[in-house]
Amino acid sequence: MTSKNTICLWYDGDAVDAANFYAETFPDSAVQAVHRAPGDYPDGKQGDVLTVEFTVAGIACLGLNGGPHFKHNESFSFMIATDDQAETDRLWNAIVSNGGQESECGWCKDRWGLSWQIAPRALTAAVFGPDPAAAKRAFDAMMTMKKIDIAMIERAALGRD
């Protein structure tokens with residue numbers, strides 16, 4: 001690891017699978033190294049994959065095969081800003097169709113239980129824009145969605161829903 005600050009994500013033996021999926025799915029993502037345990041440990045044996053160094057959208061991560069003791073939850077997520085509906089659809093569908101699950105307001109979980117916010121820049125601009133009434137309409141529209149529909153957000157912001 002060359003990064004001073006690295007996010008450590010706990011997996012139950014499948015950190016390599018997760019890292020490979022992220023590297024294949026998200027731009028500016030890659031698997032840098034796979035490290036095997038030099039000795040036995042509580043949830044593995046010498047030679048098992050212990051950690052995986054990878055990046056997700058430019059963020060340094062370490063996948064730790066620590067066993068079943070700790071699960072991912074919504075208190076931590078990756079927020080991926082998308083530029084258009086095609087990118088939003090591609091990332092959302094990649095996560096959900098690979099054993100993940102949809103949630104509300106642009107959130108979904110991957111098959112390892114890690115939460116993702118697939119957040120179009122158009123959504124952020126609409127919800128935090130200078131016109132409070134337009135922001136409220138866009139926000140209210142978002143609250144009815146799972147995957148974000150940019151056209152619907154834009155129509156709502158303009159009062160054309």
Side-chain angles (χ1 to χ4, degrees), residues 1-12 14-33 51-64 66 68 70-161:
M1 283 270 122
T2 57
S3 180
K4 186 166 185 86
N5 185 11
T6 301
I7 295 170
C8 183
L9 300 168
W10 191 288
Y11 294 90
D12 186 11
D14 48 8
V16 170
D17 293 339
N20 284 329
F21 172 74
Y22 305 146
E24 294 166 3
T25 303
F26 297 96
D28 195 21
S29 302
V31 176
Q32 285 83 23
T51 62
V52 181
E53 294 177 39
F54 60 99
T55 56
V56 175
I59 303 294
C61 298
L62 180 77
L64 170 66
F70 300 103
K71 304 290 184 199
H72 298 289
N73 66 55
E74 290 82 358
S75 67
F76 175 88
S77 66
F78 280 102
M79 182 176 184
I80 304 293
T82 56
D83 293 323
D84 55 31
Q85 193 67 51
E87 184 182 21
T88 301
D89 292 348
R90 183 184 71 75
L91 296 177
W92 178 276
N93 294 339
I95 291 168
V96 171
S97 69
N98 188 44
Q101 66 185 99
E102 296 181 332
S103 191
E104 306 297 322
C105 304
W107 291 65
C108 57
K109 285 185 184 178
D110 65 28
R111 73 178 186 169
W112 300 278
L114 188 62
S115 291
W116 297 84
Q117 296 177 60
I118 307 303
R121 294 180 197 280
L123 170 66
T124 305
V127 170
F128 298 112
D131 178 348
K136 173 85 166 75
R137 289 190 303 269
F139 182 81
D140 290 347
M142 176 201 68
M143 294 299 292
T144 68
M145 298 177 187
K146 292 184 185 273
K147 177 175 61 176
I148 301 301
D149 180 327
I150 296 171
M152 186 180 286
I153 292 293
E154 290 172 341
R155 282 193 308 275
L158 292 170
R160 298 182 188 155
D161 50 350

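All values derive from a computational prediction rather than experimental measurement.
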(request) Describe, in one word, how the ring planes of Phe76 and Phe78 are oriented to each other, choosing from parallel (under 30°), tilted (30 to 60°) and perpendicular (over 60°). (result)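 Plane angle over 60°, so perpendicular.
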
Hey, could you give me the [atom1]/[atom2] distance between [X] and [Y], rounded to the nearest 0.5 Å?
X	Y	atom1	atom2	answer
Gln101	Arg111	CD	CZ	14.0 Å
Met79	Trp107	CE	CH2	8.5 Å
Thr55	Ile7	OG1	CD1	11.0 Å
Leu114	Trp10	CG	CH2	15.0 Å
Ile118	Ile80	CD1	CD1	6.0 Å
Arg137	Ile153	CZ	CD1	12.0 Å

Using distance alone, with no hydrogens and no angle criterion, decide if [X] and [Y] have a side-chain donor and acceptor under 3.5 Å apart.
X	Y	answer
Thr82	Thr88	yes
Gln117	Ser77	yes
Asp17	Tyr11	no

Closest approach of [X] to [Y] (non-hydrogen atoms, all atoms of both residues):
X	Y	result
Pro27	Arg90	CD-NH2, 3.9 Å
Cys105	Ile148	C-CD1, 3.8 Å
Asp131	Ala133	OD1-N, 3.0 Å
Asn5	Ser3	O-OG, 2.8 Å
Val56	Cys61	CG2-SG, 4.3 Å

Is there side-chain contact between [X] and [Y], with heavy atoms separated by less than 4.5 Å?
X	Y	value
Ser29	Phe54	no
Asn20	Val31	yes
Phe21	Trp112	yes
Lys109	Glu74	yes
Thr25	Leu91	yes
Asp110	Tyr22	yes

(request) Output yes when Lys147 and Glu102 qualify as a salt bridge under the 4.0 Å nitrogen-oxygen rule, no when they do not. (result)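 Salt bridge flag = no for Glu102 with Lys147.
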
(message) For Lys136, give me all partners under side chain to side chain contact (heavy atoms under 4.5 Å, CB included), at least two apart in sequence or on another chain.
(response)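 With neighbours one apart ignored, the set is Asp140.
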
(request) Please answer whether the main-chain N or O of Ile150 pairs with a side-chain N or O of Gln85 as donor and acceptor at a distance below 3.5 Å. (result)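 Answer holds: yes.
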
(request) Among Met143, Lys146, Met142, find the residue that satisfies the side chain to side chain contact (heavy atoms under 4.5 Å, CB included) test when tested with Glu104. (result)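 Of all the options given, the one that passes is Lys146.
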
